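Presented below is the structure to which this report refers.
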Amino acid sequence: MTTTSQPTDSLGQPITVPDSADTFVFDASDGSRWELVCGLEVHAELATATKMFSGAPNNFGDEPNTNIDPVTLGLPGTLPVVNERAVELAIRFGCAIGADIRPSVFSRKNYFYPDMPKDFQISQYDQPIVVGGHLELPSGHVVGVERAHLEEDTGKSTHVGGQGRITGAEYSLVDYNRAGVPLLEIVSRPHVRSPEQARSYVAELRAILLATGVNDGKLEEGSMRVDANVSVRPEGSDELGTRCEIKNLNSLRSLGRAIEHEARRQAELRVAGERVRQETRHWNEADGRTHTMRSKEEADDYRYFPEPDLVPVDPDPAWIERIRAALPMLPAARRARLAGASGIDPAAESIAVLVERGQDEQARAAIAAGGDPARVVVHIEQNLAGPGGADLDPSRLAALVALEVGGQLTATQAKQVLAEMLTDPADPAAIAAARGFEAMGTDALAAAVDGVVAAHPAEWEAFRTGDAKARGKLTGFFVGRVMKATGGQADGKAVTALLRQRAAG
Amino acid sequence: MSGGPGPASAIAAAVRSGARSAREVVDEHLRVIDQREPEIHAFNLVLAEKARARADEIDRRVAAGDDPGPLAGVPIALKDNLATRGIATTCSSRILEGWQPPYDATVVERLAEAGAIVVGKTNLDEFAMGSSTENSAFGPTRNPHDTSRVPGGSSGGSAAAVAAGFAPLALGSDTGGSIRQPAALCGVVGVKPTYGLVSRYGLVAFASSLDQIGPFAATVADAALLLEVIAGHDPRDATSIPRPVEQLAARLGDGVEGLRVGVVSDLLTEGISRDVVARTRAAADALSAAGAKVEEVSVPAVTLGLSAYYLIAPAEASSNLARFDGVRYGLRVDAPTTNEMMVATRTAGFGDEVKRRIMLGTYALSAGYYDAFYGKAQRVRTLILRDFAAAYERFDVLLSPTSPTTAFALGDKTADPLTMYLNDVCTIPSNLAGHPAMSVPFGAGDDGLPVGVQVMAPALGEVAMLRTGAVLEAALAGQGGAR
């Protein structure tokens with residue numbers, strides 16, 4: 001297709017694709033090189049008490065068809081009323097990503113499906129509430145957001161018999177508990193350039209939604225659902241290829257796999273001289289492939305028109321400002337702050353984990369109280385993930401880390417003392433003493449090491465004269481023997497240091 | 001005609017004071033129903049036992065010193081597109097036959113709080129689509145003045161119920177004239193309030209942006225009394241106007257001295273029968289005689305209303321009626337697949353007129369046609385609002401015929417939908433504008449059948465409109481009720 005006008009998005013804005021050092025570039029079977037262009041659509045359920053347009057409870061996992069009322073079922077004569085809380089959460093998200101909050105209008109998207117009680121979905125169409133904004137990924141790559149709009153979810157169908165799809169099913173069951181649950185559909189610009197960036201974008205989005213209380217982040221309960229719009233183009237080209245929408249991406253892992261597979265599929269089509277058809281494709285986790293669901297030609301005509309039962313949503317600017325002012329610090333800023341306090345790389349996994357779990361403040365306080373930053377972060381990430389972990393007084397954690405760094409406790413002992421500190425208010429030194437974790441003096445440790453060396457002259461000779469590889473192997477042997485000799489009280493690192501010292505001397 | 005046992009206001013006063021029992025009032029009306037309902041067929045369902053039980057409850061409350069409310073003991077008929085908890089609500093369609101809503105419409109709740117007694121659910125054109133009540137799946141309603149004639153529609157059952165004295169009050173719904181036109185043809189008062197004045201919660205939607213619930217009564221005062229009860233903000237309807245209701249009944253005696261009345265010249269011309277035009281002019285003269293300043297005025301865009309309406313209303317209807325798919329309630333015609341079941345159910349469940357409008361509306365909203373049809377019709381709506389606004393700068397109320405003719409014979413217009421659609425030419429503009437309008441009986445046509453005149457007012461102009469209606473009612477009584 002040739003076109004002279006610049007392609008535009010759903011709001012008439014020009015489509016741009018940024019370059020990225022991390023762009024996924026790959027070889028097709030004929031050796032030609034291709035690059036990925038991808039945009040993501042995320043449906044996030046809003047963490048409201050009630051549904052988008054009715055007072056029925058918004059709660060996952062209840063008995064089927066219990067969270068319903070006449071409005072949810074679309075009974076004749078019922079009318080929708082906008083949930084103010086849902087609007088507030090949409091505004092909160094918009095403010096969090098630096099977007100414009102616009103006066104918005106609900107429309108009806110008309111199509112017949114048994115899990116949609118009114119046989120139309122109320123959704124914002126050409127006038128969404130959130131326009132623009134962006135997410136900065138931990139890698140530094142920036143993904144623009146085109147829009148985010150409010151809509152209602154559908155019910156959940158179970159097709160019994162046949163292929164588990166409505167066509168050919170013996171019968172179908174419908175649970176309307178999910179019908180009418182408020183959704184924010186967040187549409188990114190085609191700024192995602194690699195499968196890894198796609199995973200990172202969804203993780204970052206999830207972190208923002210969690211931090212702002214907009215969504216509970218439970219991907220496994222379907223409270224966030226991701227579709228990917230994938231296209232490819234020759235490396236270095238600026239064309240916008242025909243895209244396919246990939247559905248059924250139930251985890252970050254399938255998201256990455258599906259995008260990569262789809263990119264390769266499209267490139268091979270073009271290498272073979274075929275055209276990529278614009279269509280919706282279904283990711284099959286089992287065979288690792290995407291399959292046609294429906295093509296653009298057979299797509300429904302949704303006959304959108306403004307929802308006459310609702311008036312436009314035009315939030316008071318003062319309300320928007322109050323929401324903006326009350327925003328908590330966002331994950332990117334918190335990661336940067338923790339990275340600054342700890343000296344750890346802001347893109348490190350541990351930094352992201354602590355921020356996501358809301359334990360970054362605990363870490364900062366423990367570091368401020370004198371705790372060794374690296375040990376503080378490791379302990380919180382690995383040993384304070386469970387119940388009560390986040391409540392541990394940072395100054396007690398700092399005190400424990402001081403004992404460990406000072407050599408009074410081994411890493412293993414420190415972990416055990418830390419576990420006990422969650423239920424025992426005594427200070428770490430007292431707990432260690434009560435457990436008999438006497439600090440092993442340097443002399444005693446040196447004596448133990450010397451004893452083990454003397455008992456194994458052949459191994460020691462091999463260690464002393466061996467290369468790095470041989471040494472590495474034998475280090476484990478000696479440390480194990482020393483541990484045994486000291487009843488587990490020796491610090492593995494100190495033993496290693498002593499072995500090196502003896503070998504060099 | 002109104003062969004009933006007296007106006008609602010008198011009944012309520014007597015019941016509240018204990019002078020009459022509600023039970024006696026209800027029994028009296030049920031006797032009238034027994035006598036004439038077989039030939040009229042105003043009702044889809046008569047709730048005789050429920051009404052008697054409710055009357056006894058009201059009488060017990062009065063005996064206990066309670067005040068059951070401003071409509072204490074007053075029988076009322078409800079159009080069968082208003083949801084009533086545990087009572088069949090059919091919209092006169094096969095597709096909803098047997099469905100019992102688990103909830104009451106807001107207006108039904110308000111009637112109960114006011115002490116009214118529902119005596120039955122009235123017949124209508126299926127899903128309120130029609131102007132003669134001949135489109136009912138359960139057979140037509142007949143005009144109490146002449147049973148060979150239609151009562152008008154779509155609220156023909158409610159209009160006929162009041163005209164026949166089955167109940168002093170009834171509720172209807174008006175999307176393009178469905179209260180006013182049958183009121184005119186049955187010789188009763190019918191009011192379409194300002195859009196948003198009365199909650200639509202529980203009214204089975206035809207065209208959401210046009211539908212309004214409103215009263216039928218034998219007198220303007222009773223219509224005002226009923227409107228006061230049902231009006232007012234409802235948080236369950238997002239289009240309901242959030243402000244307190246004005247006193248209406250108390251203002252009816254204010255007269256029209258100095259009121260500026262515009263007679264809409266564009267609605268006195270083509271397609272309006274000579275005798276109806278004559279009665280409209282007579283009404284203008286009566287207002288003038290009562291002290292109003294009467295002038296003719298052109299509101300050019302009103303003539304575009306009909307075409308715009310027949311795009312907007314079917315478009316909204318095509319979406320509103322999608323939910324009748326056999327999955328959750330009402331009729332289900334089984335078929336091998338879900339899709340075929342939906343098609344079979346809708347094919348069997350909807351009548352021809354409903355199918356016609358669903359097809360028209362689906363087409364008007366289709367990709368590539370939206371701007372040419374739905375979009376353009378919405379722009380016409382803006383034009384009508386603009387022309388009305390200009391007229392209301394110079395006038396307080398506007399006057400026109402309600403219906404182009406008096407009641408026509410059953411079967412007269414069923415063969416040609418377009419002729420039927422023309423019935424609404426005078427009434428549609430107020431729906432498109434969201435303005436209040438009412439029909440008041442003003443004598444008879446050449447055939448001796450009732451003629452109604454329409455009083456229109458700007459948004460929330462109910463007081464001026466009802467005052468004008470009251471003056472016309474009094475003037476007609478002064479002329480001996482004749483032509």
Side-chain angles (χ1 to χ4, degrees), chain A residues 53-55 65 68-84 106-122 126 155 157 159 162 165-174 176 179 299-313, chain B residues 81-83 89 91 96 99 101-106 127 196 199-205 207-211 234-240 312 315-316 318-330 337-339 341-343 346 361-370 374-375 378:
Chain A
F53 301 113
S54 90
N65 295 313
I68 56 172
D69 63 1
V71 178
T72 299
L73 291 180
L75 293 186
T78 58
L79 297 170
V81 176
V82 174
N83 183 338
E84 185 180 317
F106 285 99
S107 290
R108 290 187 184 177
K109 179 181 183 179
N110 294 284
Y111 64 99
F112 284 90
Y113 204 81
D115 63 19
M116 205 164 52
K118 302 181 292 295
D119 288 300
F120 60 79
Q121 180 193 30
I122 305 177
D126 51 357
S157 295
H159 305 298
R165 299 175 74 160
I166 190 166
T167 313
E170 210 172 303
Y171 60 91
S172 301
L173 299 168
V174 191
Y176 291 105
D300 286 308
D301 176 356
Y302 293 123
R303 292 174 286 120
Y304 280 101
F305 73 104
E307 166 57 275
D309 287 326
L310 294 172
V311 294
V313 178
Chain B
N81 60 353
L82 294 168
T89 299
C91 297
L96 268 181
W99 179 62
Y103 72 101
D104 275 328
T106 296
F127 285 104
S199 168
R200 291 183 294 118
Y201 189 81
L203 167 65
V204 180
S208 312
S209 73
L210 302 164
D211 297 340
D234 177 11
R236 287 174 293 191
D237 176 357
T239 63
S240 149
I312 293 169
E316 294 181 9
S318 70
S319 175
N320 283 330
L321 271 63
R323 70 192 67 192
F324 303 105
D325 59 9
V327 173
R328 290 159 298 274
Y329 44 78
T337 69
T338 305
N339 246 333
M341 180 278 286
M342 288 182 178
V343 171
R346 292 167 67 80
T362 303
Y363 189 76
L365 289 174
S366 296
Y369 297 98
Y370 179 93
Y374 190 77
Q378 290 291 9

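Below, chain A is the first sequence line, B the second, and so on; all start at residue 1. Given the structure is predicted, the values throughout are model-derived calculations rather than measurements.
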What part of [X] gets closer than 4.5 Å to chain A, counting heavy atoms only: side chain, backbone, both or neither?
X       : answer
A367(B) : both
S199(B) : neither
L210(B) : neither
V204(B) : both
Y329(B) : side chain
T338(B) : side chain
N339(B) : neither

For [X], is it the side chain, the backbone, both, or neither that has a heavy atom closer than 4.5 Å to a heavy atom of chain B?
X       : answer
Y113(A) : backbone
P114(A) : both
N110(A) : side chain

Hey, what's the ring geometry for F106(A) with F53(A), parallel, tilted or perpendicular (30° and 60° as the breaks)?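 Ring orientation of F106(A) relative to F53(A): perpendicular.
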Would you say the ring centers of Y369(B) and Y363(B) fall short of 6.0 Å from each other?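 Yes, the ring of Y369(B) comes within the 6.0 Å limit of the ring of Y363(B), centre to centre.
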Could you tell me if the ring centre of Y304(A) sits under 6.0 Å from that of Y370(B)? no
Holding to side-chain hydrogen bond (donor to acceptor under 3.5 Å, both in side chains), I want the full list of residues that pass it with Y176(A), two or more places apart in sequence or in another chain. R328(B)
Is a side-chain donor-acceptor pair under 3.5 Å present for D126(A) with S107(A)? no
Could you tell me which residues satisfy ring pair (Phe, Tyr, Trp, His ring centres under 6.0 Å) with F120(A), sequence neighbours excluded, listed by chain and number?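 Listed in chain order: nothing, the list is empty.
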